[in-house]
Number of protein chains: 2
Amino acid sequence: MSTNSAPDEGSPWPKKTDRTRSRALKREAVMTMAVRFFNEKGFHATSLDDVAKALNVTKPTIYHYFRNKDEILFECVVQGLHSIADAAGRVEAQGGTGLERLKSLAYMYAICMTQDFCICISRTADHELSPASRARFRALKREIDQTMRQVIRDGIADGTIAPESERMISFTLAGALNWIARWFDPEGPMSREEVAQSVVSILMNGVAAEAGRGTPVRAPESS
Amino acid sequence: MSTNSAPDEGSPWPKKTDRTRSRALKREAVMTMAVRFFNEKGFHATSLDDVAKALNVTKPTIYHYFRNKDEILFECVVQGLHSIADAAGRVEAQGGTGLERLKSLAYMYAICMTQDFCICISRTADHELSPASRARFRALKREIDQTMRQVIRDGIADGTIAPESERMISFTLAGALNWIARWFDPEGPMSREEVAQSVVSILMNGVAAEAGRGTPVRAPESS
DNA sequence: TCAATTTTTTACCCGTGAGTAACATCCAGG
DNA sequence: CCTGGATGTTACTCACGGGTAAAAAATTGA
């Protein structure tokens, strides 16, 4: 990384490191504040003046750390996506049946969805991002989706997951899990762990009691 | 309605009716066009000039039929909510066990979520509405939620629905169902009926095959 | 202490889009 | 045919907010 040949072992830390560290810290501070606004008021309704004021600085200061508003949003969702992808990666490596791994994955996913950067994912429609960011956003989401589908396929293969369409299962799970971001309240009656536990259990075992399992849907007459 | 005392029985329809009818038709036309833009580009990113141009009129014409932009969005989501509430009402009246009624409700809900006005509900964050509209929006959603919870309670009482938390069940279902609005593509491989059928079946019966039902979630180590 | 660099501010520009005023047009009914 | 209401247009106002230029302030290294 460094261009000078002197060893980095010297006790007094090189200034450069300190500089970049504090710069990174300030970027983080901007993102943490911004994501809170985005989640509460929405991306469009949040002005960078709002964010700046909340950080006790002025708008151009923010532009010293980010190229534009889009970049801030993008880095927020990427941060969230990384935390989910990490969890997914850990689960993929873990042993067990397909169902066991899917449970772990869904549980971790649910936990993530109660935190700011992931909440931001769920609330961000991709048309809010610039075309370039949008493409990368979608690609990252697809990666996670692929991991999930692989686990589902494994589970269907080993007989622990019901042989429904893998595509429909992943959409259904993603829906229920992403939706958590919309209603979870950290001040509410249940902890994030309890919520995750409960939602996953419902998804895995279904809503029906043992008795009525497998009966077809009866739609009411007319449209 | 009319101030004149003459009977409305005359064969040639009174002009007043015609007027109000065409006015209503034009309001509808505006909404149908607007909702398409809202769903595709988002509410904030849609300008009324866009909508007007697509209808071959100018912006002030739209203001002749709606007080402001908020009113348009509000009436769109209300239209969607009414279609869901109607379905919910029909299901509530229908006989059968709690589970059977919940299945019907979820099925109808899913069908609705593939249509423009309901898609708009799912994509509309309530901070996009004015405080007044937002309150009514929430109230309508709560009504539907109450109906759903009642059905769930009935099902738990009659033993056809698993005795999980009614609140968690309704959130999980709502999430999976509302999410349909985000990914369903009428041009895609499955019809709306097939999608609804499949999602409902997964929700009711769960993802797990018979074998692995009821085993607890194992979270991967660390966070 | 002084020069160079980074960080932050003040003071702007400018495009966009909601909403309006005032004028034109079209139609009924007397 | 002429008047009044409904419908539509042109031509605007105006606030808001993303983004920038340039100067000031703070920091660092010598």
Side-chain angles (χ1 to χ4, degrees), chain A residues 4 6 10 12-30 33-34 37-38 41-76 127-130 132-133, chain B residues 1-6 8 10 12-30 33-34 37-38 41-75 127-130 132-133:
Chain A
N4 59 340
W13 268 26
K15 76 268 160 89
K16 196 63 165 291
T17 309
D18 241 17
R19 271 283 171 77
T20 58
R21 161 174 303 187
S22 81
R23 186 175 174 83
L25 280 175
K26 292 192 184 161
R27 275 178 72 92
E28 257 180 66
V30 171
M33 185 61 73
F37 276 88
F38 293 162
K41 307 178 44 177
F43 177 68
H44 280 289
T46 298
S47 79
L48 293 189
D49 284 311
D50 290 341
V51 179
K53 180 176 282 181
L55 290 166
N56 298 313
V57 292
T58 56
K59 188 170 56 174
T61 302
I62 292 182
Y63 278 90
H64 192 255
Y65 295 95
F66 293 88
R67 268 206 292 281
N68 50 41
K69 201 184 173 190
D70 175 76
E71 190 180 46
I72 302 178
L73 176 60
F74 179 67
E75 297 216 359
C76 286
H127 52 66
E128 291 179 308
L129 289 159
S130 70
S133 306
Chain B
M1 279 297 182
S2 63
T3 50
N4 59 343
S5 53
D8 279 352
W13 267 25
K15 74 273 160 90
K16 198 65 164 292
T17 310
D18 241 19
R19 272 282 170 77
T20 58
R21 159 173 302 187
S22 80
R23 186 176 172 85
L25 280 175
K26 293 194 184 157
R27 276 178 71 92
E28 258 180 66
V30 171
M33 185 60 74
F37 277 87
F38 294 162
K41 307 177 45 178
F43 177 68
H44 280 288
T46 298
S47 79
L48 293 189
D49 284 311
D50 290 342
V51 179
K53 181 176 283 183
L55 290 166
N56 298 312
V57 291
T58 56
K59 187 169 56 173
T61 300
I62 291 184
Y63 278 90
H64 193 255
Y65 293 95
F66 293 89
R67 268 207 291 281
N68 49 41
K69 200 184 173 190
D70 174 76
E71 191 180 46
I72 301 178
L73 176 59
F74 180 66
E75 298 216 359
H127 52 67
E128 291 179 308
L129 289 160
S130 70
S133 306

Distances under 3.5 Å between nitrogen or oxygen atoms of protein and nucleotides 22-26 of chain D:
none

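Taking atom NE2 of residue A/H64 and atom P of nucleotide D/dA21, one finds them 14 Å apart after rounding to whole Å. Rounded to a whole Å, the CZ atom of B/F37 is 15 Å from the C1' atom of C/dG17. One interatomic measurement links the two molecules: CZ of A/R27 to C1' of C/dT7, which rounds to 15 Å at whole-angstrom precision. The separation between A/K41 atom NZ and D/dC16 atom P is 12 Å, rounded to whole Å. To the nearest angstrom, P of D/dA6 lies 13 Å from NZ of B/K26. If you take CG of B/D70 and C1' of C/dG19, they are 14 Å apart, rounded to a whole angstrom. Rounded to an integer number of Å, the gap from A/L73 CG to D/dG18 P is 12 Å. With rounding to whole Å, A/Y63 atom OH is found 5 Å from D/dG19 atom C1'.
Between the side chain of A/K59 and the base of D/dG17 there is no donor-acceptor pair of N/O atoms closer than 3.5 Å.
Considering only side-chain N and O atoms, B/R23 lies under 4.0 angstrom from the phosphate OP1 or OP2 of D/dT7.
Screening residues 44-68 of chain A for ring-ring contact (aromatic ring centres under 6.0 Å, His included), with sequence neighbours left out, gives A/H44-B/H44. Residue pairs that meet the salt bridge (Lys or Arg N to Asp or Glu O under 4.0 Å) test with at least one member in residues 57-67 of chain A, sequence neighbours left out, are A/D49-A/K59, A/R67-A/E71.
Closest approach to the B/T61 side chain among D/dG18, C/dT20, D/dT9 is made by D/dT9 (side chain taken as heavy atoms from C-beta onward). Among C/dT10, D/dA6, D/dG19, the nucleotide with an atom closest to any side-chain atom of A/T58 is C/dT10.
A/D50 CG to A/F37 CZ: the interatomic distance, rounded to the nearest 0.5 Å, is 5.5 Å. Atom-to-atom distance recorded for A/T61:OG1 and A/K26:NZ is 9.0 Å, nearest 0.5 angstrom. Between atom CG of residue A/L48 and atom CG of residue A/N68 there is a gap of 9.0 Å, rounded to the nearest 0.5 Å. We find the OG-CD distance between B/S133 and B/E75 to be 9.5 Å, quoted to the nearest 0.5 Å.
Within the 4.0 angstrom heavy-atom criterion, only backbone atoms of the sugar-phosphate kind lie near A/Y65; the bases stay farther away.
Contacts of residues 46-57 of chain B with DNA chain C (heavy atom under 4.0 Å): B/T46, B/S47, B/L48.
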>> Pair A/I62, A/I72 - check side-chain contact (heavy atoms from CB on, under 4.5 Å), show working.
In response: CA-CA 10 Å; A/I62 292 182; A/I72 302 178; 3.8 Å; yes
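Under the rule for a side chain to side chain donor-acceptor pair (under 3.5 Å), B/T46 has no partner lying at least two apart in sequence or in another chain. By the side chain to side chain donor-acceptor pair (under 3.5 Å) test, A/K53 is found to be paired with no residue, residues two or more places apart in sequence or in another chain being considered.
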